[in-house]
Amino acid sequence: MQNYLELLNPAQREAVISTEGPSLVIAGAGSGKTRVLTYRIAHLLKNGVPPWNILALTFTNKAAREMKERIATVVGSKVAAHLWMGTFHSIFARILRIEAQHINFPKNFTIYDTADSKSLIKSILKEMKLAEKEYKPGDVLSRISSAKNDLVLPHTYARDQHRIMADKAARKPLIHDIYNRYMRACMKSGAMDFDDLLLNTNLLFRDHPEVLANYQEQFRYILVDEYQDTNVSQYLIIRKLADKYKNVCVVGDDAQSIYSFRGAKIENILNFRNDYPGYQLFKLEQNYRSTQTIVNAANSLIAKNKGQIPKKVFSNKSEGNPIKIMQAFSDVEEGFLVVNDLKNKLLEFSCQYEDFAILYRTNAQSRIFEDVLRKNNIPYKIYGGLSFYQRKEIKDLLAYFRMIINSNDSEALKRIINFPARGIGKTTLEKLEATAAHNGVSIWEVLVHPELSKLGFNAGTLKKLGGFVALIREFQAKSFNLDAFQLASEVVSQSGILKELHQDNTPESQSRIENIDELLNAIKDFSDSRKESGQENSITLFLEEVSLLTDQDNDKAEDKNKVTLMTIHSAKGLEFRNVYIVGMEEDLFPSGRVSESESGLEEERRLFYVAITRAEEHAVLSFAKRRFKYGDMTYVRASRFLGELDPSYIEMTGDTIQQNQATDNFGSANQRFGKSFEKQPAFTPKKFNFSESINKNPEKKPLFSENAFTNAFDIKIGMSVQHERFGIGEVTSLEGTGSNVKATVLFSNAGEKQLLLKFAKLKILN
DNA sequence: CGGACGATCCTTTTT
DNA sequence: GGATCGTCCG
């Protein structure tokens, strides 16, 4: 790997070797951005810059990990290990722990996730006697988050006419008050939410110039990936840190800015020239990923946006196949069309499962594709939704660890004070919470206060509370002698969690036990690898790692060679030979919430651009005519974005059931498609078309057959059926009529279950 | 106090 | 279609 410079094109090479002074790298989709970042860092190291003088900030942990591995192949893993490389959140959490004493936080502060934050907001609403209907915790949190990302503290918020007016207009005039209480409560709990990690870093640097000076000196070279998605808070951290040496290299693509909803400012990249005069500009315009058709189609789309950094992304690869658009009558049929097309490509182009991705705008769309893939025995992995670390039993166990490390963490306490059930109910907890809020202390401090007995609890309750305190203290005492894994095992057995789960012997509790085992294994792996590398191995470090994980970071070995299902947002940075972009409908993509504003629409368009440019060989777009929304079947229109792609790159596949209806299907969107689009035959006689492929595979089930789905009416007494969770069983009785038929099934492993056929996805065996 | 069972709201996107 | 929340009853 010594000649890494030879692996680069001229533009990439310039970006790698121009290490001094500010640099802006505009990297078109698929243009080798990661390669440039990787080799730039390797180049610095090769030229004698110590790794601890380099700060590299990425968007996901996974990106950081992969880049570190690639750098290690050039300079060795010992050197690479000393790089400061990670997400903004993980790097600055680490720094905040080191500098905690300066900002009035304990070193062992907890990191609240969104669920913790919402739960805290609910408590505050209760205390303020505000209705949750008026002040939805999620909405309140996003207002607070947006303020924090703009570095607006509560007292400034209260005087910020803009925000106050907006809140009044939204009939939530008291947000500033909630925000204030929220901040105080976090402080009492010794907790920071995600935004606080960045906000407090800013406050640390603002109020402690000597601390800032140290880090400026340390981080002589700063690299930032996905710069177009940084928010004000992140932007200012970079500016401060880079202020001394100005060796800052930011990489990004304004055309791929898709996170404004969480405070990202595309202006950060657009204004780089003003912030760092004398900067060098590098443009990476050759796309190595996709066919010319895909690149050109994507260009034709993004050209509809205004105010971009001029660039001309091109591909030297083959022309490739046209982008296919498929229309379906319903969301379910869309699932079949996509999976059928996938199966054809699998054979036609000798693809692996891992060569496919199904991308959607919202997580809720995944279910239908999961069903169809499962029925076709196609392995898939799904990102998003409930991740492992958000499952109840996992969060409960982690809450014990949090209490051990930081007993002032009131959200953790609320989770476990009565889990497993120890007779401390809602009333008791409410009283404790109110007392804590009234006295400005954490719940734990109330519990351990000598005058607890004067609060009017009865003797039984007092005893139970005392038992809980003793339990936590016992764990704390043990935590000094045990490693992370030993302590975790101790908690699982001594807290009564395991006993409780073993007692109610249901399939659910069984799967919970399995999850807990999995967590213990993860902790063991963590402990062992830490021990091997001679590093500290405390539960604190494990928690730190876990609380900043995303489900993208949980790549497992068994997840190799599977079809990928994810939102377009999480697909950023990835690539696949074949990409399906599904649900191309108005009010879904573009989302109805934003398509009224021009800037919102432009962001949706960038999102579509990101989606298309994930594809190396084939991009397939699909939409349905009818779709279930909120449990109702609704009629929907094709997305306006379909008409914005240059029609010369598109192939339509028609409506295979009733061709004469195909044209109506576009509704108003049809007018936007323009003449050339309309002229396309509704049913292109090409080789991947749909009806032919059915004929080609006569052994396969016809796509539109009712039989493809288990029909509730088909299930009869005595049948042998399979359930996703409960396994195989026999139907012993049926009751009810119509869609409400309830079956009693005797499962060989799970015992007898009553199942509503419309919900339980029973597969008929034999 | 805790579990079971309806009503209700919902849907962007995520560190 | 489903998650969460509130209410009711044991």
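Here is the naming used below: chain letters follow the sequence lines, and residue numbers restart at 1 for every chain.
The phosphate of B:dT14 (OP1 or OP2) has a side-chain N or O of A:N363 nearer than 4.0 angstrom. Note on A:N149: every side-chain N or O is 4.0 Å or more away from OP1 and OP2 of B:dT15. Distances shown here put a side-chain N or O of A:T428 below 4.0 Å from the OP1 or OP2 atom of B:dC1. At the phosphate of B:dT14, OP1 or OP2 sits under 4.0 Å from a side-chain N or O atom of A:T567. Within the 4.0 Å cut-off from OP1 or OP2 of B:dC1, at least one side-chain nitrogen or oxygen of A:T427 is found. Contact annotation: A:T114 does not reach the phosphate of B:dT14 (side-chain N/O to OP1 or OP2, under 4.0 Å).
Regarding A:I568, its CD1 atom lies at a distance of 19 Å from the P atom of B:dT11, rounded to whole Å. Summarising the geometry, the separation between CG on A:L141 and C1' on B:dT15 is reported as 12 Å, rounded to the nearest angstrom. Rounded to whole Å, the distance from CG on A:D632 to P on B:dT11 is 17 Å. C:dC5 atom P lies 12 Å from atom CG of A:L125, rounded to whole Å. Atom P of nucleotide C:dG1 and atom CD of A:E370 are separated by 13 Å, given to the nearest angstrom. Here B:dT15 presents its P atom at 12 Å from CG of A:D229, a figure rounded to the nearest Å. Spacing between atom CD1 of A:I368 and atom P of B:dT11 amounts to 19 Å, rounded to whole angstrom units. Regarding A:N61, its CG atom lies at a distance of 9 Å from the C1' atom of B:dT15, rounded to whole Å.
The two atoms that bring A:K572 and A:I258 nearest to each other are CD-CD1, 3.9 Å, heavy atoms only. A:L565 and A:Y360 make their closest contact through C-OH, 3.4 Å (heavy atoms, listed as atom of the first residue, atom of the second, distance).
You'll find that the side chain of A:A364 is closest to B:dT11, out of C:dG2, B:dT11, B:dC10. The side chain of A:A421 has B:dG2 as its nearest neighbour among B:dG2, C:dG1, B:dT11. Here B:dT15 is the nucleotide among B:dT11, C:dG2, B:dT15 with the atom lying nearest to any side-chain atom of A:F194. Distances were taken from every side-chain heavy atom of A:K122 (C-beta onward) to each of B:dG2, C:dC5, C:dG1; the shortest belongs to C:dC5.
C:dG6 and B:dT11: their P atoms are spaced 15 Å apart (whole Å).
Within 4.0 Å of A:D113, counting heavy atoms only, lies no atom of the nucleic acid at all. Among the atoms of the strands shown, none is found under 4.0 Å from any heavy atom of A:K572. Counting any heavy atom pair closer than 4.0 Å across all strands shown, A:K464 reaches no nucleic acid atom. Residue contacts for A:Y259: at a heavy-atom cut-off of 4.0 Å it reaches the sugar-phosphate backbone alone, with no base atom in range.
In this structure, A:Y259 and A:F59 have tilted ring planes: the angle between them lies in the 30° to 60° band.
Between A:L607 and A:K136, the residue anchored nearer the 5' end of DNA chain B, judged by the nucleotide with its closest heavy atom, is A:K136. Between A:G423 and A:K629, the residue anchored nearer the 5' end of DNA chain B, judged by the nucleotide with its closest heavy atom, is A:G423.
Both geometric conditions, a ring-centre gap below 5.5 Å and a plane tilt below 30°, are fulfilled for A:F261 over the base of B:dT13.
In summary, the side chains of A:T362 and A:Q365 do present a donor paired with an acceptor at a separation below 3.5 Å, with no hydrogens or angles considered. Residues A:N458 and A:T461 have side chains that bring a donor and an acceptor to within less than 3.5 angstrom of each other.
Cation-pi contact between A:K392 and A:F419: present, with separation from the ring centre below 6.0 Å and deviation from the ring axis of at most 45°.
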